[in-house]
Amino acid sequence: MSYKLFTLLDCPHCKEFMPECERTANARQNDAIFIRINGDANVNYRDSFKLRYYPSVIGYFANSNGQRQELYTGSRGTQEFNSFISKLQ
């Protein structure tokens with residue numbers, strides 16, 4: 001499992017969400033990889049995903065049809081974010 005977290009430097013929602021994301025990444029360091037991507041510094045890469053909201057988390061997982069990705073659309077709260085992570089494993 002891997003997750004890409006897209007953030008923007010001056011985004012207050014990104015700053016609010018980072019502690020939660022870091023706690024989750026530390027708790028799951030044996031079974032998941034979290035990659036933080038600075039959207040300000042990687043504009044072309046960021047735009048290739050057509051993201052509308054920040055922070056944005058994309059989870060990548062393997063299924064019977066190959067690799068699949070899913071965009072997290074929930075709140076920045078602990079329970080909902082961890083449910084998303086668990087669902088993809």
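Positions are given from 1 along the sequence.
- Taking hydrophobic clusters as Ile, Leu, Val, Met, Phe, Trp and Tyr residues chained together by side-chain heavy-atom distances below 4.5 Å, Y3 does not share a cluster with I58.
- Side-chain polar atoms of S83 and Q79 form no donor-acceptor pair below 3.5 angstrom.
- Counting only distance, with no hydrogens or angles, the side chain of N38 and the backbone of A41 share a donor-acceptor pair below 3.5 Å.
- Within the 4.5 Å cutoff, side-chain heavy atoms of F34 are placed close to those of T24.
- You'll find the side chain of F49 stays beyond 4.5 Å of the side chain of S56, heavy atoms only.
- The minimum heavy-atom distance between C14 and P55, with the atom names listed, is SG-N, 3.6 Å.
- In this structure, L71 is not a member of the same hydrophobic cluster as L5, with clusters built from ILVMFWY side-chain heavy atoms closer than 4.5 Å.
- Residues T7 and M18 share a closest heavy-atom pair of CG2-SD, 4.0 Å.
- Across every non-hydrogen atom of E80 and S75, the tightest pair is OE1-OG, 3.0 Å.
- Sorted by first and then second residue, the ring-ring contact (aromatic ring centres under 6.0 Å, His included) pairs involving residues 7-29 (not counting sequence neighbours) are F17-F81.
- Residues Y72 and M1 share a single hydrophobic cluster, defined by chaining ILVMFWY side chains whose heavy atoms lie under 4.5 Å apart.
- Residue C21 holds its SG atom at 7.5 Å from CD1 of I85, rounded to the nearest 0.5 Å.
- The two residues F84 and E70 come nearest to each other via the heavy atoms CZ-O, 3.6 Å.
- N82 places a side-chain heavy atom less than 4.5 Å from the side chain of E20.
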I would like to know whether S86 and R28 meet side-chain contact (heavy atoms from CB on, under 4.5 Å); could you show each step before the answer? CA-CA 10 Å; S86 296; R28 297 183 176 266; 2.9 Å; yes

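- Under a hydrophobic-cluster definition in which Ile, Leu, Val, Met, Phe, Trp and Tyr are linked whenever side-chain heavy atoms come within less than 4.5 Å, directly or via other members, L51 and V57 are assigned to different clusters.
- Applying the salt bridge (Lys or Arg N to Asp or Glu O under 4.0 Å) test to residues at least two apart or on different chains, none of the pairs has a partner in residues 37-54.
- Sparse packing is recorded around CD1 of I33, with 12 or fewer heavy atoms of other residues, nucleotides or ligands lying under 6.0 Å away.
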